Engineer: 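Let me begin by handing over the structure; questions about it come next.
Note that this is a predicted model, so its numbers are computed, not measured.
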Amino acid sequence: SIEKHSNQRMSLLFKNIIRFLLIMFIQIFMLNKIPPLHQFIVPSFYFVFILWLPFKIGRTALLFIGFATGMVVDMFFKTPGLHAAACVLIAFARPSLINLLLPKEATDWGNEEPTKKTMGSVPYTTYLIILTLLHHFYLILLEWMQFGSFLYFISKLVATSLVSLLLILIADLFFNRKS
């Protein structure tokens with residue numbers, strides 16, 4: 001039983017490493033090559049890695065993974081710590097949001113991941129929307145402080161979030177995720 005549990009953990013770790021590399025490849029070598037759409041829409045997808053981690057992951061590990069994910073993106077965007085801070089923010093908010101949306105305790109989940117099947121369509125969609133908006137709100141807020149137009153801020157937040165949500169929903173169709 002201990003050996004089986006150890007093999008499951010290694011399989012889960014390996015799967016998430018492959019997923020991380022694939023998501024980073026898509027973000028860095030494909031999405032970053034797309035010029036900003038309509039002057040300010042920058043397609044972001046990388047933070048979905050944090051959203052798709054298993055329910056049972058501990059908060060400390062989640063925060064560390066969020067920081068590391070953001071730092072990798074910051075290295076390629078040349079944005080010192082902005083993406084890391086936004087990822088840590090959603091990693092911090094994620095367990096509380098899951099507890100609000102789902103009555104189950106995290107210990108009841110095992111290694112399942114947030115999906116439409118495990119959470120239900122409405123809670124899963126709510127989960128994606130709230131964490132996407134939170135992530136983009138933080139990044140765009142820092143940029144907005146330099147430009148100052150509230151309309152620009154709101155327009156960019158809505159447009160960028162919609163594009164990111166569309167990318168996540170498309171990816172949901174292609175990634176085989178445990179439910």
Side-chain angles (χ1 to χ4, degrees), residues 16 19-53 57 59 62-101 113-116 119-175 177:
N16 278 302
R19 181 184 292 164
F20 177 81
L21 294 173
L22 186 57
I23 288 170
M24 287 300 153
F25 178 82
I26 291 168
Q27 181 68 54
I28 294 163
F29 297 106
M30 293 169 74
L31 296 177
N32 282 8
K33 303 300 181 206
I34 298 172
L37 311 167
H38 197 272
Q39 297 180 328
F40 57 68
I41 301 172
V42 180
S44 291
F45 174 69
Y46 69 91
F47 64 95
V48 76
F49 178 72
I50 298 159
L51 305 185
W52 285 354
L53 288 170
I57 192 163
R59 190 178 288 254
L62 195 56
L63 292 171
F64 176 76
I65 292 167
F67 178 75
T69 301
M71 284 305 290
V72 169
V73 174
D74 281 328
M75 285 177 10
F76 286 94
F77 277 55
K78 294 180 177 60
T79 52
L82 293 181
H83 294 274
C87 286
V88 168
L89 179 62
I90 63 170
F92 180 78
R94 180 183 185 258
S96 300
L97 182 60
I98 288 170
N99 287 336
L100 278 174
L101 294 171
E113 301 167 351
T115 64
K116 279 185 206 173
M119 294 178 77
S121 290
V122 173
Y124 180 66
T125 303
T126 304
Y127 168 78
L128 290 179
I129 290 170
I130 290 173
L131 290 180
T132 298
L133 284 171
L134 184 62
H135 178 270
H136 291 354
F137 175 84
Y138 180 79
L139 285 176
I140 297 167
L141 179 67
L142 294 175
E143 180 184 312
W144 173 63
M145 288 180 187
Q146 298 168 359
F147 292 105
S149 168
F150 186 69
L151 184 60
Y152 172 87
F153 172 75
I154 294 299
S155 301
K156 185 168 183 172
L157 175 63
V158 170
T160 301
S161 295
L162 287 174
V163 168
S164 295
L165 286 167
L166 180 64
L167 289 171
I168 292 169
L169 294 174
I170 290 168
D172 242 345
L173 299 172
F174 292 104
F175 278 82
R177 299 190 310 116

Engineer: Would L131 and I50 satisfy side-chain contact (heavy atoms from CB on, under 4.5 Å), going step by step from the backbone distance to the final call?
Structural biologist: CA-CA 10 Å; L131 290 180; I50 298 159; over 6 Å; no
Engineer: If you count heavy atoms of other groups shown closer than 6.0 angstrom to CZ of F137, is the number above 12?
Structural biologist: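 Atom CZ in F137 is not packed in, count stays at 12 or less.
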Engineer: Nearest 0.5 angstrom please: I26 CD1 to L21 CG, how far?
Structural biologist: 11.5 Å
Engineer: Where do K33 and I28 come nearest, in terms of heavy atoms and distance?
Structural biologist: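 It is CE-O, 4.2 Å.
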Engineer: Between A84 and D74, which heavy-atom pair has the shortest distance, and what is it?
Structural biologist: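 Result for this residue pair: N-OD2, 3.0 Å.
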Engineer: With a sphere of 6.0 Å drawn around CZ of F67, does it hold more than 12 non-hydrogen atoms of other residues, nucleotides or ligands?
Structural biologist: no
Engineer: Distance from R59 atom CZ to R94 atom CZ, nearest 0.5 Å?
Structural biologist: 10.5 Å
Engineer: Could you tell me the separation between the CG atom of L53 and the CD atom of E113, rounded to the nearest 0.5 Å?
Structural biologist: 8.0 Å
Engineer: Of all the heavy-atom pairs spanning V42 and T160, show the shortest one and how long it is.
Structural biologist: O-CG2, 3.3 Å
Engineer: Report the residues that fulfil side-chain hydrogen bond (donor to acceptor under 3.5 Å, both in side chains) with Y138, sequence neighbours left out, ordered by chain and then residue number.
Structural biologist: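 Y138 satisfies side-chain hydrogen bond (donor to acceptor under 3.5 Å, both in side chains) with no residue once adjacent residues are dropped.
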Engineer: Do you know which two heavy atoms are closest between L62 and I57, and how far apart they sit?
Structural biologist: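 Taking every non-hydrogen atom into account, CD1-CG2, 3.8 Å.
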Engineer: Is a donor from one side chain sitting under 3.5 angstrom from an acceptor on the other, for S44 and H136?
Structural biologist: no
Engineer: Has Q27 got a side-chain atom pairing as donor or acceptor with P43's backbone, closer than 3.5 angstrom?
Structural biologist: yes
Engineer: For the pair L169 and L128, evaluate side-chain contact (heavy atoms from CB on, under 4.5 Å) and give the outcome as yes or no after the intermediate values.
Structural biologist: CA-CA 9 Å; L169 294 174; L128 290 179; 4.0 Å; yes
Engineer: Report the distance from atom CG of L51 to atom CD1 of I90, rounding to the nearest 0.5 Å.
Structural biologist: 5.0 Å
Engineer: Are the side chains of T69 and F47 in contact, using a 4.5 Å heavy-atom criterion?
Structural biologist: no
Engineer: Looking at every non-hydrogen atom in both residues, tell me the closest pair between A91 and P95 and how far apart they are.
Structural biologist: O-CD, 3.2 Å
Engineer: To the closest 0.5 Å, what do you measure between CD1 (I168) and OG1 (T132)?
Structural biologist: 4.0 Å
Engineer: Would F49 and N16 count as a side-chain contact (heavy atoms from CB on, under 4.5 Å) if you check the C-alpha gap in whole Å, the side-chain angles of each, and the deciding distance to 0.1 Å?
Structural biologist: CA-CA 8 Å; F49 178 72; N16 278 302; 4.1 Å; yes
Engineer: Could you give the distance from CG (L31) to CZ (F25), rounded to the nearest 0.5 Å?
Structural biologist: 10.5 Å
Engineer: By side-chain contact (heavy atoms from CB on, under 4.5 Å), which residues pair with L100, not counting sequence neighbours?
Structural biologist: none
Engineer: For this output row, return yes or no: ring centroids of Y46 and F20 closer than 6.0 angstrom.
Structural biologist: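 Not close enough - the centres of the two rings lie 6.0 Å or further apart.
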Engineer: What residues, two or more places apart in sequence or in another chain, satisfy ring pair (Phe, Tyr, Trp, His ring centres under 6.0 Å) together with F64?
Structural biologist: none
Engineer: What are the two closest non-hydrogen atoms of G66 and C87, and how far apart are they?
Structural biologist: O-CB, 3.0 Å
Engineer: Yes or no on side-chain contact (heavy atoms from CB on, under 4.5 Å) for V72 and H83, after CA distance, side-chain angles and deciding distance?
Structural biologist: CA-CA 9 Å; V72 169; H83 294 274; over 6 Å; no
